[in-house]
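Report on the following structure.
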Amino acid sequence: MSPVRRKTWLMKSEPSAFSIDDLARVGSEPWNGVRNYQARNFMRQMQIGDSVLFYHSNCPRPGIYGLAEVASLAYPDPTQFDPASPYYDPKATPAQPRWDLVDVRYLRHLRRPITLDEIRRHADALGEDFALIRKGSRLSVLPVSPAQARLLLSLESVDV
DNA sequence: GCCAACGTTGGC
DNA sequence: GCCAACGTTGGC
């Protein structure tokens, strides 16, 4: 039997809406509000126990701030059915849901944030397929290869 | 199927 | 707050 290989993903959140501190407080959180098909399809590929790099976007120091893990398989995002929610989608019905989410569980904060600026300095090693720093990419859920994850996490122990 | 208009993302 | 880049919508 081949061992289960945990995949790594990067998930963006605006800290003013939901930060790594918020995740630490609640422990586990349904990752609602993703309304992009590519991001949704990545969540559908996730397995319980996969690693998540928690990225803060649209803030003074964008970057990776913590580690989390996937705590559920993908299931319909309930906010799509709620007319009072900003994520309401009138074209979605419980019989025919359009958007999924996964639960994400807090693991730990990084010793220090790995900033976007620092990540960019390793663009060559990370490669063309790393969507986070691909020009114009706004994908909020994206896969991270084992080599990319190793590199990113190794930066944590580099003192600055 | 084309494409202009619009809304959103997210760095700066 | 600005704006480049992108995805979606809808008229035709």
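Reckoned from all heavy atoms, side chains included, excluding hydrogens, waters and symmetry mates. First the proteins, then the strands, lettered A, B, ... as listed; each starts at 1.
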Quiz prompt | Within-4.5 Å side-chain heavy-atom neighbours: Y37(A) and W99(A) | solution = yes
Exercise. Evaluate the side-chain proximity of R138(A) to N36(A): yes if any heavy-atom separation is below 4.5 Å, no if none is.
Key: no
Quiz item: Rounded to whole angstrom units, what separation is found between the CZ atom of R134(A) and the C1' atom of dA5(C)?
Solution: 13 Å
Quiz item: Do E69(A) and S51(A) have side chains that get closer than 4.5 Å, going by heavy atoms?
Solution: no
Quiz item: Between atom CZ in R40(A) and atom C1' in dT8(C), what is the gap in whole Å?
Solution: 14 Å
Practice problem: Could you say whether K91(A) or G136(A) is positioned toward the 5' end of DNA chain C, judged by the nucleotide with the nearest heavy atom to each? | Solution: G136(A)
Quiz prompt | Shortest side-chain distance from P62(A), nucleotide among dG11(B), dT9(C), dG10(B) | solution = dG11(B)
Quiz item: To the nearest angstrom, how far is N36(A) atom CG from dA5(C) atom P?
Solution: 19 Å
Practice problem: Kindly point out which of dT8(C), dG11(B), dA5(C) is positioned nearest to the side chain of K135(A)? | Solution: dA5(C)
Quiz item: So what does R120(A) touch, heavy atoms closer than 4.0 Å: a base, only the sugar-phosphate, or nothing?
Solution: sugar-phosphate
Exercise. Ignoring hydrogens and angles, tell me if any N or O in the side chain of H56(A) forms a donor-acceptor pair with the backbone of I20(A) under 3.5 Å.
Key: yes
Quiz prompt | Whether W9(A) and F42(A) hold their rings parallel, tilted or perpendicular, with breakpoints at 30° and 60° | solution = tilted
Quiz item: How many Å lie between CZ on R98(A) and P on dT8(C), as a whole number?
Solution: 10 Å
Quiz item: For the pair made of CE in M11(A) and P in dT9(B), what is the distance, rounded to whole Å?
Solution: 15 Å
Self-check item: dT8(B) base / R35(A) side chain donor-acceptor hit below 3.5 Å
Solution: no
Exercise. Would you kindly compare N58(A) and R138(A) by the position of their nearest DNA chain C nucleotide and give the one closer to the 5′ end?
Key: N58(A)
Self-check item: Interatomic distance where OH belongs to Y87(A) and P belongs to dT8(C) [whole Å]
Solution: 17 Å
Self-check item: Whole-Å distance separating the CD1 atom of I133(A) from the P atom of dA5(C)
Solution: 17 Å
Quiz prompt | Nucleotide dT9(B), atom C1' - distance to OH of Y55(A) in whole Å | solution = 11 Å
